[in-house]
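Beneath this line is the structure, given in structure tokens, with notes to follow.
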2 protein chains.
Amino acid sequence: MPCSRAAAGPRRWRVNRLSSVLDRGSPAERFTASASAQGRFRSTEDCLHWLDEQRALQSYAVERVPFDRLQGWRFTDDTGNLVHHSGRFFTVEGLQVGLRPFRVPTWTQPIIVQREIGILGILVKEFDGVLHCLMQAKMEPGNRNLVQLSPTVQATRSNYMRVHQGRAIPYLEHFVAPRRGRVVADSLQSEQGGWFLHKRNRNIVVEAEDDVEVLPGFCWMTIGQVQQLLRLDDVVNMDARTVLSVMPFARPAADSGGADPFRSALIRSLDPEAASVHTVTDAISWLTENKARFELTQRRIPLLDTAGWHRGADEIAHVSGGYFSIVGVDVRARDREVAAWMQPLLRPAAPGRLAMLVRRIDGVLHVLLQARPAAGALDIVEAAPTLHCTPQTFRTLPTADRPQFLDYVLDAPQRQIRFDTWLSEEGGRFLHALNRYQIIEVEDTFPTTPPPNFMWLTVRQLMTLLRFGNCLNVEARSLLACLHTLW
Amino acid sequence: MPCSRAAAGPRRWRVNRLSSVLDRGSPAERFTASASAQGRFRSTEDCLHWLDEQRALQSYAVERVPFDRLQGWRFTDDTGNLVHHSGRFFTVEGLQVGLRPFRVPTWTQPIIVQREIGILGILVKEFDGVLHCLMQAKMEPGNRNLVQLSPTVQATRSNYMRVHQGRAIPYLEHFVAPRRGRVVADSLQSEQGGWFLHKRNRNIVVEAEDDVEVLPGFCWMTIGQVQQLLRLDDVVNMDARTVLSVMPFARPAADSGGADPFRSALIRSLDPEAASVHTVTDAISWLTENKARFELTQRRIPLLDTAGWHRGADEIAHVSGGYFSIVGVDVRARDREVAAWMQPLLRPAAPGRLAMLVRRIDGVLHVLLQARPAAGALDIVEAAPTLHCTPQTFRTLPTADRPQFLDYVLDAPQRQIRFDTWLSEEGGRFLHALNRYQIIEVEDTFPTTPPPNFMWLTVRQLMTLLRFGNCLNVEARSLLACLHTLW
């Protein structure tokens, strides 16, 4: 028991006399300032050029391959699960899901199982008094354009424990204890509950205290620059978006909203003292209520036993052609010195639509969130965007079975749409998983009381829920990051 | 899509203009006031008498029975799991656990599986301006003294969905939506991770707006009265303690601490603005770090396949005689009109020791918490008491393998012990699971820096973590409720 008795000299506690202020104020103000700042190293346009250059430099070819040529991977004899020969990375297995109350109370499906907790980390550092993020131009085989803007570190545990023959992961030392630098945000956050079983990553932002060498493929940008790029189609990847969403922001200065009532309401929505329809206690209770209301059972089953799913030579697909398929890809670099590999990817059958309805209530912007269960959720329900679906799935269903607000979003007039961008989900696991992300301001005649699994919350309240992890799903976090680009 | 288009009349948002103040201030102040108040209906001594009367009235007999006489329960042929004939309530199954880094990296054990989310709810109501809690005198077969003080409602989902032939659960309507009354706290909180797989209950406090009829077996008490009873051995049950722990408390008035530096430091520790060693962000990061550091795998296996565990005629026990055993009990009421039943219970082999070390740091009381993994944890690690163990297990182990601070707690002089009470764990699942709960103030020579899986936090910080659920284990929550009795 080495720690209990050793005689101690005079102790020096580093007490945070103003911890609560520091916690909400000072660093958060510096993040807000960075969101309005131009970069010290490159203009935003040059950042985009740099990304194109990196795409040219890294020059990869990704090709579909049939399963019998998918080196390193095999289907096990007894279960038909798709596994790596090392037993690590991830597996594709079967999941039997029970969900009540739900349109379909029970089904089976393939699911990606990756219980390891990976790291998504952004390193920040002040230059000339302005915080910059160290962003990476990273190739992921599932991206249509291959290279997108990524966090400083984006690594599975297998990666960073060096299960495979890869090189050390640059900058990893900033994100694992014992570390130098100051942790600004650090929580476990979920990923696609329809495609992953219990998948979470650590979302972490660390402020570097020492000099940081900029390696090839990395670039310092202000938060404002990253946000400008986030408004473009398919530039900022999912992992960068979710880390952006956990950054602390203080309320921006009042005058930055100008005469635009939407922006003014958004800025007020970041204020901890803003008038809100509900309290945070109400929000937690609403999530709790919905977790108790839905009965979700999850049972891992052999991939062979998933009903309605068939394994062909080059894909595992549903008989309907819907939902998604599992395919294999061969990833090769033109530059022979860089590693090549093969891997399975999940390929969605159709693009999704993720929309947040927002509304000014007494001058404060509120976001309409949905308590939404997911097949692979760790904790039954998370807060999701107002609309979170694949419209194609519902085309043939009667109106009563269509998701709430689907028609509203599909028919929203242009003047109400505040954000509208196509963004990719994780290109390391999903092939061409492009979704349309929208933020839509509703008109005053919009019904006052939402259905019981929906709730109006302010941006500050979303940020409070986010701090603790496991409250907002990854699509809602992406949209929160998008919403932050609008103030 | 019924909700999106309906023409709406002039809307009336019930906006919380001061939601953040209300959230922390006003109701919390009323809870603090109730903690210092005597009851309007009975003195605390009378409450104790009432509990004794109820014990006499309810008059149950609980007897051990061998498994072949355990009506309603059976071992399944293929797995040997112990199940109820209805398929509900709970099962006793096998669990294969992998935990790294840990003294024992892999083991198997019996585990209680009960995935349903039950309700532990306390109804509060103001009388003469003072909040009172509607407490229940409830019999649970595993309690040595059978009847203890319980929440207003303590019900599994099977219970309240009326799977068995039981009567309606009194006061349930206050805790399930749509409800009247105001939710003061409502979160999912875990229970014994060594004995339960992924078990959680909804901890909910609701303030009644209407008149409430007091049924036999129920009694209004102030929080102060419940706290006084909590200082007695084996009176307030685990379910009441965990609901007490989620109640909001504002910082008590400064003079209530008087000249006692411990009490003054404790009172300051409830202040949101108090100086603290760490921030809440640090605390969340510390839990995240430990969740990423421990690799926990859980696989449900047949109970028959648990190595080292043997099923006899009247117990399932470990060959060492340690840990716990599974036994059956027959529960009968002397009053024939009340239901009788049989059920399995988990019987710990020896009492546990749960201790919180506390320390004044710059005049503010800090609690030393441990990030502790558990076999059946839903999310790998939770914050646990400084010492959380069964001392008997470690008697024969070399010092290096003994839990941190075990010897410190065992040898603590009386003058440092601020709270010391024997309390039972859930008597509906555990037989005579008595643990010794202690709060011990360390001396100034105590080492400054704790080991990396420990952290000093203020009481207010614990309360913040608690609001979101899944952060503090049930033993830490019990000790927080005990700590609140000391201001």
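Worth saying up front: this structure is predicted, and the values here are computed from it rather than measured. Labels below follow one simple rule: chain letters A, B, ... track the order of the sequence lines, proteins then strands, and each chain is numbered from 1.
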To the nearest 0.5 Å, what is the distance between OG1 on Thr279(A) and CZ on Arg182(B)?
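If we round to the nearest 0.5 Å, Thr279(A):OG1 and Arg182(B):CZ are 8.0 Å apart.
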Interatomic spacing from CG in Leu188(A) to CG in Asn470(B) - rounded to 0.5 Å
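Here the rounded value is 11.5 Å.
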So does Asp186(B) pair up with Lys291(A), basic N to acidic O under 4.0 Å?
no
Tell me, side chain or backbone of [X] under 4.5 Å from chain B's heavy atoms, or both, or neither?
X	value
Val184(A)	backbone
Ala292(A)	both
Ile204(A)	neither
Ile380(A)	side chain
Arg299(A)	neither

How close do Ile284(B) and Ser187(A) get, heavy atom to heavy atom, and via which atoms?
CG2-CB, 4.4 Å
Determine whether the side chains of Thr297(A) and Arg115(B) contain a donor N or O and an acceptor N or O closer than 3.5 Å.
no
Counting only non-hydrogen atoms closer than 4.5 Å, does Leu378(B) touch chain A with its backbone (N, CA, C, O), its side chain (CB onward), both, or neither?
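Contact with chain A involves both backbone and side-chain atoms of Leu378(B).
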Any heavy-atom pair between the side chains of [Y] and [X] that's under 4.5 Å?
X	Y	value
Arg467(A)	Val280(B)	yes
Asp379(B)	Arg200(A)	yes
Val183(B)	Glu289(A)	no
Phe468(B)	Thr464(A)	yes

State whether the number of non-hydrogen atoms from other residues, nucleotides or ligands found under 6.0 Å of Arg100(B) atom CZ is greater than 12.
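Atom CZ in Arg100(B) is not crowded, with 12 or fewer foreign heavy atoms closer than 6.0 Å.
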